[in-house]
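Here's the structure we're looking at; comments come further down.
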Protein chains: 2
Amino acid sequence: MDSRELTYFVAVAEELNFGRAATRLGIAQPPLSRTIQQLERRLGVTLLTRTSRSVALTAAGEVLLYEGKRALAALTAAGRRAQRAGDPGLVLAMKANIDGDLLEKILAQFAADPAAVEVEVRIGGIGEQGVLLRSGEADAALLRLPHEDADGLAYEELLTEPDVAVLPRTHRLADRESITMSDLSGEQLPYWPGSPPNGGPLVRDAAQLMQLISLGRTVALLPASVRHHLRTDLTTVPVTDAATTTLVIAWSPDARSRSLAALVQAAVTASPSAGPHRSTRTA
Amino acid sequence: MDSRELTYFVAVAEELNFGRAATRLGIAQPPLSRTIQQLERRLGVTLLTRTSRSVALTAAGEVLLYEGKRALAALTAAGRRAQRAGDPGLVLAMKANIDGDLLEKILAQFAADPAAVEVEVRIGGIGEQGVLLRSGEADAALLRLPHEDADGLAYEELLTEPDVAVLPRTHRLADRESITMSDLSGEQLPYWPGSPPNGGPLVRDAAQLMQLISLGRTVALLPASVRHHLRTDLTTVPVTDAATTTLVIAWSPDARSRSLAALVQAAVTASPSAGPHRSTRTA
DNA sequence: CGAATCCATACCTGTAGGGTATCAATTCCG
DNA sequence: CGGAATTGATACCCTACAGGTATGGATTCG
């Protein structure tokens, strides 16, 4: 398999349109058609069914799209990790304000370890952490399960919190001791890029979300630790039957650096629920 | 990252010699040198330290070798799986005579499942099963832990057996009710390709091993179920403090075919220790 | 039925990947 | 100690193939 052909195929398979795919790849359409034909001939399998009006994936195409994307990601990740291999430092990816004040403790704990190295903390947008990790640009990431995807990653659980409702102070439920999910049935819950629209507004970052809540346009269910960083015009109310969010530290299962192991160890030690640990990966 | 460059690098990194690597790749040495230089320039990292007499890997090179091999394997596996995606059948890889008579039961159980498809059983050499699985040539494999490597694979445990000593009938220990590991301290235990030599003979397949045992040249510790297929000039003796071997059915964690799931299910159901199951991967 | 859309075909061009010849630096060994 | 052998780098050429342009054929849409 050649990575160029595969890259081209993935583009077509995702766009389901040769012209758009070619533009996205920065080449003309004819060479793209040719390359896909070559690939199909080489594999001896039809990947796409083209009516001269539209393109659809065959079963084989579905498989190749799914597996091919992973393989290509592994390829670029290999390069990235090699680039950063000389640099002894670690990169930790996280979203702003999701740590429940844990980050400082983790870093302090890590600093005490003899294997400690410099840690660059990279604050990314929603859903970026996993990408950074899988692409080899970050060594570890703080993720929230089940909101974020830990598929194919190793992780350790750090902290589990109940979700609370974040409301404007003027909201009808703002003064309640606690509420239930059914109390929120009339509200427009937001959704993130990547997850399916649910009628509510699309939010890209925390600040935007808080703004929308403040305007009464939406209401959010967030881990209890948001309380510590909340704007003064917002408040939180416990939701008795809400889901819980688990903060985990995740890393590539392929990584095997001494300092990364120490960072994970430090994170587990620094977290309040420092129970027995078990590495896991989701299937 | 380009797969061609990476393939070339892996060859050089494994051979630690540009000439040999070029031969292995079927190209001349100068273009190989050039390509590696290009790769290093592109990544901005030195991968190899060349004294004009020998080649050694840098830290970055080590990382790229390790991760690059995985990425390339994923690449070819993606192609293979796509090739076989149209074919609804499954390929099950295993070693001869390692199944403890379980294979028939598994296939019978599977045949009863509505999602059953044709199963091609591929009997491979020692250590090949994992390779077939990882390269996408097989959908599932019967492996013996801890002798074989389940790294990066998902698996379900089927059967755990104690190891027994396989001896010639004329052996001094052949008539004992049971023995201990210390009784075998004077014996030359064999080793397999891939594992480090230990002074004993190198064996490539079961028939060869049995022959060597019959000649009194070695003695083997094998799972108890070998008894069923043993030559008449050999016998087995329980070893009270021997390790146990666990037969597992393994598959690629990336696979998500209905029929494969049914096969795994059938294997678990057919195995005697049909307890609660838990998918695992080793780190 | 013409216009628009979309993939395939035909043909041309430039470059990058590959080959040969050779050099420079070590190492080996008589 | 000096010549032979080994090994990676350099210089140069050549061809195959990736990519571009123009255009055709088929389908859909208004």
Side-chain angles (χ1 to χ4, degrees), chain A residues 1-62 64-65 68 72 75-76 79 82, chain B residues 1-62 64-65 68 72 75-76 79 82:
Chain A
M1 279 288 301
D2 173 30
S3 62
R4 188 187 62 96
E5 291 177 329
L6 191 54
T7 308
Y8 285 11
F9 168 74
V10 168
V12 175
E14 287 185 343
E15 299 284 348
L16 289 178
N17 179 314
F18 280 73
R20 277 199 301 277
T23 313
R24 170 172 145 187
L25 293 167
I27 64 171
Q29 170 258 317
L32 181 56
S33 289
R34 247 195 349 208
T35 304
I36 302 295
Q37 288 169 19
Q38 278 174 24
L39 178 60
E40 287 182 316
R41 224 174 316 119
R42 174 164 335 190
L43 292 178
V45 179
T46 308
L47 300 169
L48 301 163
T49 53
R50 303 89 142 157
T51 81
S52 75
R53 192 67 189 169
S54 75
V55 177
L57 284 167
T58 64
E62 301 255 15
L64 190 60
L65 174 58
L72 290 174
L75 210 61
T76 62
Chain B
M1 278 289 301
D2 173 28
S3 61
R4 188 188 61 97
E5 291 176 329
L6 191 53
T7 308
Y8 286 11
F9 168 74
V10 168
V12 175
E14 287 185 341
E15 298 285 347
L16 290 179
N17 177 314
F18 280 73
R20 277 199 302 277
T23 312
R24 169 172 146 187
L25 293 167
I27 64 171
Q29 171 258 315
L32 181 56
S33 289
R34 245 195 347 207
T35 304
I36 302 295
Q37 288 168 19
Q38 279 174 24
L39 179 59
E40 287 182 315
R41 225 174 315 119
R42 176 165 334 194
L43 292 178
V45 180
T46 308
L47 299 169
L48 301 163
T49 53
R50 302 90 143 155
T51 80
S52 74
R53 191 69 190 168
S54 75
V55 177
L57 283 167
T58 63
E62 301 255 16
L64 190 61
L65 173 58
L72 290 175
L75 211 60
T76 62

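Proteins come first, then strands; the chains are lettered A, B, ... in the order of their sequence lines, and each starts at number 1.
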| task | Could you work out which one of D:dG8, D:dG19, D:dA18 sits closest to the side chain of A:Ile27? | result |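 Closest nucleotide to the A:Ile27 side chain: D:dG19.
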Please tabulate, for side-chain N and O atoms in residues 20-30 of chain B, each donor-acceptor pair with protein atoms closer than 3.5 Å (sequence neighbours left out).
{"residue": "B:Arg20", "atom": "NE", "partner": "B:Glu15", "partner atom": "OE1", "Å": "3.3"}
{"residue": "B:Arg20", "atom": "NH2", "partner": "B:Glu15", "partner atom": "O", "Å": "3.1"}
{"residue": "B:Thr23", "atom": "OG1", "partner": "B:Gly19", "partner atom": "O", "Å": "2.9"}
{"residue": "B:Arg24", "atom": "NH1", "partner": "B:Glu14", "partner atom": "OE1", "Å": "3.3"}
{"residue": "B:Arg24", "atom": "NH1", "partner": "B:Glu15", "partner atom": "OE2", "Å": "3.1"}
{"residue": "B:Arg24", "atom": "NH2", "partner": "B:Glu14", "partner atom": "OE1", "Å": "2.6"}
{"residue": "B:Gln29", "atom": "NE2", "partner": "B:Ser33", "partner atom": "OG", "Å": "3.0"}

Tell me, please, which residues at least two apart from [X] pass side chain to side chain contact (heavy atoms under 4.5 Å, CB included).
| X | answer |
| --- | --- |
| B:Thr51 | B:Arg53, B:Ser54 |
| A:Arg42 | A:Glu5, A:Gln38 |
| A:Thr49 | A:Ala56, A:Thr58 |

Separation between [atom1] of [X] and [atom2] of [Y], rounded to the nearest 0.5 Å:
| X | Y | atom1 | atom2 | result |
| --- | --- | --- | --- | --- |
| A:Leu72 | A:Arg4 | CG | CZ | 12.5 Å |
| A:Met1 | A:Leu75 | CE | CG | 10.5 Å |
| B:Leu32 | B:Gln37 | CG | CD | 10.0 Å |

| task | Can you run down the salt bridge (Lys or Arg N to Asp or Glu O under 4.0 Å) pairs that involve residues 32-41 of chain B, sequence neighbours left out, and say none if there aren't any? | result |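 Found B:Glu40-B:Arg50.
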Hey, are the side chains of [X] and [Y] touching, using non-hydrogen atoms and a 4.5 Å cut-off?
| X | Y | answer |
| --- | --- | --- |
| B:Leu57 | B:Leu16 | yes |
| B:Phe9 | B:Leu48 | yes |
| A:Leu39 | A:Leu64 | yes |

Minimum heavy-atom separation for [X] and [Y], please, with both atom names.
| X | Y | answer |
| --- | --- | --- |
| B:Ala60 | B:Val45 | CB-CG1, 3.1 Å |
| A:Leu65 | A:Ala13 | CD1-CB, 3.9 Å |
| A:Ser3 | B:Asp2 | OG-OD1, 3.3 Å |

| request: Select from A:Gln38 and B:Ser54 the residue whose nearest nucleotide in DNA chain D is closer to the 5' end of that strand. | output: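 Here B:Ser54 is the residue nearer the 5' end.
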| said: Checking B:Asn17 now: which residues fulfil side-chain hydrogen bond (donor to acceptor under 3.5 Å, both in side chains) with it, not counting sequence neighbours? | reply: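 Not a single residue meets the side-chain hydrogen bond (donor to acceptor under 3.5 Å, both in side chains) criterion with B:Asn17.
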| Heavy atom of residues 1-18 of chain A under 4.0 Å from DNA chain D: which residues? |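 Residues of residues 1-18 of chain A under 4.0 Å from DNA chain D: A:Arg4, A:Tyr8.
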| task | Please work out which residues in residues 29-37 of chain A have a non-hydrogen atom less than 4.0 Å from an atom of DNA chain D and list them by number. | result |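 Those residues are A:Pro30, A:Pro31, A:Arg34.
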For nucleotides 27-30 of chain D, give me every protein contact, N/O to N/O, under 3.5 Å, one pair per line with atom names.
{"residue": "D:dT27", "atom": "O4'", "partner": "A:Ser52", "partner atom": "OG", "Å": "3.4"}
{"residue": "D:dT28", "atom": "O4'", "partner": "A:Arg53", "partner atom": "NE", "Å": "3.4"}

| message | If the helix axis at each end comes from five base pairs, how far does the helix from C:dC1-D:dG30 to C:dG30-D:dC1 deviate from straight, to 10°? | response |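 What I find for the helix from C:dC1-D:dG30 to C:dG30-D:dC1 is an axis angle of 20°.
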| message | Under 4.0 Å from a heavy atom of chain B: give me the 5'-most and 3'-most nucleotides of DNA chain C that qualify. | response |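 With heavy atoms of chain B under 4.0 Å away, the range is C:dG17 to C:dT27.
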